[in-house]
Amino acid sequence: MSNFQMYRSIVSPGWTLGWQWAKKEVIWSMVGAQTTEQGDCSKFKGNVPHCCLRKPVVVDLLPGVPYNQQFSNCCKAGVVSAWGQDPSSSVSAFQVSVGVAGTSNKTVKLPMNFTLLGPGLGYTCGPAKVVPSTVYLTADHRRKTQALMTWNVTCTYSQFLAAKNPKCCVSFSSFYNQSITPCPKCACGCQNKNNCVVSDSKQAHKKGINTPRKDNAPLLQCTHHMCPIRVHWHVKLNYKDYWRVKIAVTNFNYRMNYTQWTLVAQHPNLNAVTQVFSFDYKPLVPYEAINDTGMFYGMKFYNDLLMEAGPQGNVQSEVLLRKNKDTFTFKHGWAFPRKVYFNGDECLLPPPDAYPFLPNSAKVNSITISTMVVSALLFLFIIS
């Protein structure tokens, strides 16, 4: 299973893969994964298959399983990195021994109706398609062997199928305006408004509040936007040749942490990123002539895990960008991103008319102050 998405990983509790057998196949054994149910195997005597269901559901094994149950690229609790973040960890694999399927490519029939949860809804899988058989090299790389048959299944992700409401929102602030532009009200829907937790309440510190449920139902902190994730973009400082942005990601879900999270932003000045201080950064250039999109993600073993809602439920960094004198301006909300994605899902931005605005008198005031200083110096010189 290869994840070719540049910035959408499969986070904990991981992937779930299902399909339907074309005939009466059974799974004799598995290495690197397991089915969630065995089914009715009563007709088998002696050796009992691992699974006799016509529609098996497969999940990854947890880390630390015995060596004889492992397979290459397995046993990561179903967590798969995004291709753009870590290609070496964007693969998950397991081995299945199938019975009652025949032993030739004429008797083997392709499974049907593949489903993928990653970990929730959103993926749609196409039919299995026969491709050229996979070729394997022996350990000494001097001999090639060929698989009996190989087929591929392609699954695509849609945010609209995953949820009817966004899963994250964006707020803005700046050094040149004291007002803060918050996330829009009910940005992610307010269906959980009656089942939220007030921060610093007794319930927020209750034992077991961070225990996830099997259906992955969230338990959110009470906010006006009711989003599990908020991304805050703050225009912090302005230098002669550079400007500085602070980015903070906050988790408001008490039941979920985000392993190997990713944050993607689109802004025309991301073509001149000078330094990113506490995140790793990688430009995303789908078109060679346009370099306005970049991916931020956590540094391994430092902040690649976004904890549950609470005092530790946030990560932040600052970004230094070089100015392009032909395009740079603080007017009309230019300093704020055009689009923001968290873990591959697009976040809801505030309406443009609510962005922090540059005061009309800002330039006039700076000139006036300079004039006053010069006048004062002249006055002191005359007095002396």
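Computed from a predicted model, the values in this text were never measured in an experiment. All values below were derived from every heavy atom in this structure, side-chain atoms included, with hydrogens, water molecules and symmetry-related copies excluded.
Atom OH of Y136 and atom NZ of K144 lie 14.0 Å apart (nearest 0.5 Å). The line from CE of M6 to CG of L284 is 5.5 Å long, rounded to the nearest 0.5 Å. One finds the CD atom of Q70 at 4.5 Å from the SG atom of C75 (value rounded to the nearest 0.5 Å). In this structure, T156 OG1 and L116 CG are separated by 10.0 Å, a value rounded to the nearest 0.5 Å. Rounded to the nearest 0.5 Å, atoms NZ (K45) and CG (N47) are 13.0 Å apart. How far CZ of F277 is from CE of M299: 10.5 Å, rounded to the nearest 0.5 Å.
Panel note: side chain K76, backbone S92; no donor-acceptor pair is recorded below 3.5 Å. T211 places a side-chain N or O within donor-acceptor distance of the main-chain N or O of G208, the cut-off being under 3.5 Å. At distances below 3.5 Å, not a single donor-acceptor pair connects side-chain atoms of S173 with backbone N or O atoms of I180. Without hydrogens or angle criteria, N303 side chain to G298 main chain gives no donor-acceptor distance under 3.5 Å. Put simply, the side chain of N251 gets close to the backbone of M256: a donor and an acceptor are under 3.5 Å apart. K193 places a side-chain N or O within donor-acceptor distance of the main-chain N or O of T223, the cut-off being under 3.5 Å. Counting only distance, with no hydrogens or angles, the side chain of Q5 and the backbone of I10 share no donor-acceptor pair below 3.5 Å. Remark: side-chain polar atoms of N343 are paired, donor with acceptor, to backbone N or O of T262 under 3.5 angstrom. Formation of a donor-acceptor pair under 3.5 Å by the N253 side chain with backbone atoms of A309 is not found in this model. The backbone N or O of G78 lies less than 3.5 Å from a partner atom in the side chain of D60, making a donor-acceptor pair.
The aromatic ring centroids of F94 and F71 lie 6.0 Å or more from each other. Between F252 and Y254, the distance separating the two ring centers is not shorter than 6.0 angstrom. Taking the centre of each ring, F175 and F330 come in below the 6.0 Å mark.
Taking a 6.0 Å sphere around CD of Q191, one finds it holds more than 12 heavy atoms contributed by other residues, nucleotides or ligands. A 6.0 Å sphere centred on NE2 of H332 holds no more than 12 heavy atoms belonging to other residues, nucleotides or ligands. Residue K282 places its NZ atom among more than 12 non-hydrogen atoms of other residues, nucleotides or ligands, all under 6.0 Å distant.
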Could you walk me through whether I229 and L306 pass the side-chain contact (heavy atoms from CB on, under 4.5 Å) test, one step at a time? CA-CA 10 Å; I229 294 292; L306 176 57; 3.8 Å; yes
So Q85 and W83, side-chain contact (heavy atoms from CB on, under 4.5 Å) or not? Walk me through it. CA-CA 5 Å; Q85 183 179 8; W83 176 266; over 6 Å; no
Under the side-chain contact (heavy atoms from CB on, under 4.5 Å) criterion, do T293 and Y7 qualify, and how do the steps go? CA-CA 11 Å; T293 308; Y7 49 84; over 6 Å; no
May I have the step-by-step check of side-chain hydrogen bond (donor to acceptor under 3.5 Å, both in side chains) for S171 and W233, ending in yes or no? CA-CA 6 Å; S171 57; W233 180 285; over 6 Å; no
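Under the 30°/60° scheme for interplanar angles, the aromatic rings of W334 and H267 are found to stand perpendicular. Ring geometry for F44 versus W28: interplanar angle over 60°, hence perpendicular rather than tilted (30 to 60°). Between F279 and F296, the ring planes lie perpendicular to each other; the angle is over 60°, past the 30° to 60° tilted range. Ring geometry for W261 against F342 counts as parallel: the plane angle stays under 30°, on a 0 to 90° scale with 60° as the upper cut.
Side-chain polar atoms of H50 and S29 form no donor-acceptor pair below 3.5 angstrom. Looking at H234 and S174, their side chains never bring a donor and an acceptor atom within 3.5 Å of each other. For the 3.5 Å distance criterion, the side chains of T150 and T134 qualify, holding a donor opposite an acceptor. When only modelled atom types and interatomic distance are considered, Y157 and N3 share no side-chain donor-acceptor pair under 3.5 Å. Residues Q266 and D292 have side chains that bring a donor and an acceptor to within less than 3.5 angstrom of each other.
The SG atoms of C52 and C41 sit under 2.5 Å apart.
Exactly one of C347, C188, C183 qualifies for a disulfide (SG to SG under 2.5 Å) with C169. That residue is C183. For the side-chain hydrogen bond (donor to acceptor under 3.5 Å, both in side chains) with Q260, the lone residue among S12, S9, S81 that qualifies is S81.
Summarising the hydrophobic clusters (Ile, Leu, Val, Met, Phe, Trp, Tyr; side-chain heavy atoms under 4.5 Å, direct or chained), the residues clustered with V59 are none.
Side-chain contact between P166 and D345 is absent, with no heavy atoms from C-beta onward closer than 4.5 Å. For the pair I27/T35, a side-chain contact is recorded, criterion being any heavy-atom separation below 4.5 Å from C-beta on.
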Residues 16-26, side-chain donor-acceptor partners within the protein, below 3.5 Å, at least two apart:
| from | atom 1 | to | atom 2 | distance (Å) |
| --- | --- | --- | --- | --- |
| Q20 | OE1 | N113 | ND2 | 2.9 |
| K23 | NZ | T107 | O | 2.8 |
| E25 | OE1 | K23 | N | 2.8 |

All N/O donor-acceptor pairs, side-chain side in residues 318-325, below 3.5 Å, sequence neighbours left out:
| from | atom 1 | to | atom 2 | distance (Å) |
| --- | --- | --- | --- | --- |
| E318 | OE1 | R244 | NE | 2.4 |
| E318 | OE1 | R244 | NH2 | 3.0 |
| E318 | OE2 | K236 | NZ | 2.5 |
| R322 | NH2 | Y242 | OH | 2.5 |
| K323 | NZ | N238 | OD1 | 2.5 |
| K323 | NZ | Y239 | O | 2.5 |
| N324 | OD1 | D326 | N | 3.0 |

